[in-house]
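All chains are named by letter (A, B, ...) in the order of the sequence lines, taking the proteins before the strands, and each is independently numbered beginning at 1.
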2 protein chains.
Amino acid sequence: MAEDTARTPEPAADPENACPVSPVVDLVFSRWTTPILWTLHQSGRMRFVELERRITTITPKVLTQRLRQLERDGLVTRAYYAEVPPRVEYEITDLGRSLAPLFAALSEWTPNMDKVEQARNSYDAAQRSRSRRA
Amino acid sequence: MAEDTARTPEPAADPENACPVSPVVDLVFSRWTTPILWTLHQSGRMRFVELERRITTITPKVLTQRLRQLERDGLVTRAYYAEVPPRVEYEITDLGRSLAPLFAALSEWTPNMDKVEQARNSYDAAQRSRSRRA
DNA sequence: CCGCATCCTATTCGATACTG
DNA sequence: CAGTATCGAATAGGATGCGG
């Protein structure tokens, strides 16, 4: 049996009690899924190597894992062509495309990262001066 | 020194090349941050124990870690009152509140979890029949 | 080309016990 | 009450090598 299945982590329905959107978060924002969905959403149908090239730092193993998971969750489809050499193409599904408003909201918030950066600098500066006093 | 700092993981700016929203994802959707922000957003200013009670399965250690991180990122504020017993209150900032549209988009997508559930069942069923054939 | 298997490491998380 | 310190367990992720 494989080391990892295609299953999403399933945090035992834990944080759900305080936060009804946690299942969606686990689905869409577990590690690497966002870049994958984003790329397939922007650039359309694409083969394995192409995805690998675009998401430069991902390893093939992890890319396979995430793609299987996304396939199981119905967010992408996998098409296998038994040619030589073999070809596999991935494409985002309608369900995956329905995440577009979510991604748009995400995009619209990115300018605020500047403020986050400022907040971090302030916080770190305050921490440093506190260390000196201690 | 503490085991963990308040810093966000910083995935070496990795998936960013293929996906400009990755920094925001790391900020808002790292583990436990969504339930915390959600709770503070819904129910307002709140003390430590109260948060602990609402997010039932989180441990105080991890809750502290995440709150420090969110404070550093400028998404929540921490107010300490040197009384006996001591009191600490956390509150979401304006920057944190500006995430509201994002959370709304998330909420609106939750009905689609049914389709995800169906997709998983189909996938698992197909897997099982494939196993039998092998 | 695609991707699975195996081994191994690093990070993270939880459990527990203890302070101001 | 609001944390911190320390330890141990689980898990994700990387490296490498092989197979269809």
Side-chain angles (χ1 to χ4, degrees), chain A residues 1-12 14-15 26 29-36 45-72 76-91 127 130-131 134, chain B residues 1-12 14-15 26 29-33 35-36 45-71 76-91 127 130-131 134:
Chain A
M1 185 63 182
E3 168 189 337
D4 329 83
T5 70
R7 306 201 125 68
T8 327
E10 293 270 13
D14 273 16
D26 292 335
F29 301 115
S30 54
R31 191 152 159 82
W32 293 114
T33 53
T34 319
I36 294 172
R45 193 181 178 87
M46 193 174 300
R47 43 198 305 188
F48 188 87
V49 250
E50 186 60 17
L51 270 172
E52 203 180 347
R53 264 193 287 271
R54 302 223 185 187
I55 309 170
T56 49
T57 53
I58 198 170
T59 61
K61 173 191 164 183
V62 175
L63 180 55
T64 304
Q65 281 177 20
R66 289 293 100 91
L67 283 170
R68 285 289 179 287
Q69 177 189 316
L70 291 170
E71 188 193 359
R72 185 174 106 100
V76 308
T77 54
R78 174 180 185 272
Y80 176 80
Y81 303 93
E83 309 166 352
V84 267
R87 180 164 53 99
V88 177
E89 290 189 348
Y90 292 93
E91 190 173 14
Q127 284 305 100
R130 202 167 302 170
S131 308
Chain B
M1 184 66 182
E3 167 189 339
D4 327 82
T5 70
R7 307 199 123 69
T8 329
E10 294 269 12
D14 273 15
D26 292 335
F29 301 115
S30 55
R31 191 155 159 81
W32 293 115
T33 53
I36 294 172
R45 190 181 179 87
M46 193 175 301
R47 42 197 305 188
F48 189 87
V49 249
E50 186 61 16
L51 270 171
E52 203 178 347
R53 264 193 288 270
R54 302 222 186 189
I55 309 170
T56 49
T57 52
I58 197 171
T59 61
K61 173 192 162 183
V62 175
L63 180 55
T64 304
Q65 281 176 20
R66 289 293 100 91
L67 283 169
R68 286 287 181 289
Q69 176 189 315
L70 291 170
E71 188 192 359
V76 309
T77 55
R78 175 181 184 274
Y80 176 81
Y81 301 94
E83 310 165 353
V84 267
R87 181 164 53 99
V88 177
E89 291 189 348
Y90 292 93
E91 190 174 13
Q127 283 306 99
R130 204 167 302 168
S131 307

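- The heavy-atom pair separating A/Thr33 from A/Leu70 by the smallest distance is CG2-CD2, 4.1 Å.
- When the side-chain nitrogen and oxygen atoms of B/Tyr80 are compared with OP1 and OP2 of C/dG20, none of them lie within a distance under 4.0 Å.
- Contact annotation: B/Arg68 side-chain N/O to D/dG3 OP1/OP2 distance is under 4.0 Å.
- Spacing between atom CD1 of A/Ile58 and atom C1' of C/dG3 amounts to 13 Å, rounded to whole angstrom units.
- Distance from the side chain of A/Val88 is smallest for C/dG3 among the nucleotides C/dG14, D/dG14, C/dG3.
- In this structure, the OH atom of A/Tyr81 is 12 Å from the P atom of C/dC2, given to the nearest Å.
- Put simply, B/Arg47 has no side-chain N or O that comes within less than 4.0 Å of OP1 or OP2 on D/dG3.
- For the OP1/OP2 pair of D/dC1 and a distance below 4.0 Å, the side-chain nitrogens and oxygens of B/Tyr90 include no atom meeting the criterion.
- The interatomic distance linking A/Glu71 (CD) with C/dG3 (C1') rounds to 13 Å, in whole Å.
- A/Glu89 has its CD atom 13 Å from the C1' atom of C/dC1, to the nearest Å.
- Using cut-offs of 30° and 60° on the angle between ring planes, the pair A/Phe48 and A/Tyr90 is tilted.
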Inset, instruction - May I have the step-by-step check of side chain to side chain donor-acceptor pair (under 3.5 Å) for B/Arg66 and B/Gln69, ending in yes or no? - result: CA-CA 5 Å; B/Arg66 289 293 100 91; B/Gln69 176 189 315; 3.2 Å; yes

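- The separation between A/Phe48 atom CZ and C/dC4 atom C1' is 11 Å, rounded to whole Å.
- A/Glu52 has its CD atom 10 Å from the P atom of C/dC1, to the nearest Å.
- Between A/Gln65 atom CD and D/dG13 atom P the separation is 7 Å, expressed in whole Å.
- For B/Arg31, no side-chain nitrogen or oxygen approaches OP1 or OP2 of C/dT12 to under 4.0 Å.
- Between D/dA5, D/dG13, D/dG3, one nucleotide has an atom nearer to the side chain of B/Lys61 than all others, and that is D/dA5.
- In terms of phosphate contacts, B/Arg87 brings no side-chain nitrogen or oxygen within less than 4.0 Å of OP1 or OP2 of C/dG20.
- OP1 or OP2 of D/dA12 has not a single side-chain nitrogen or oxygen of A/Arg66 nearer than 4.0 Å.
- Distance CD1 (A/Ile55) to C1' (D/dG14): 17 Å, rounded to an integer number of Å.
- Residue A/Pro86 is classed as a base contact, given a heavy-atom separation below 4.0 Å to a base.
- The shortest distance between the side-chain N/O atoms of B/Thr59 and the OP1/OP2 oxygens of C/dA15 is not below 4.0 Å.
- No donor-acceptor contact under 3.5 angstrom links the side chains of B/Gln65 and B/Arg68, judged on distance only.
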Inset, instruction - Give the C-alpha distance, both sets of side-chain angles, the deciding distance and a yes or no for side chain to side chain contact (heavy atoms under 4.5 Å, CB included) between A/Trp32 and A/Leu67. - result: CA-CA 10 Å; A/Trp32 293 114; A/Leu67 283 170; over 6 Å; no

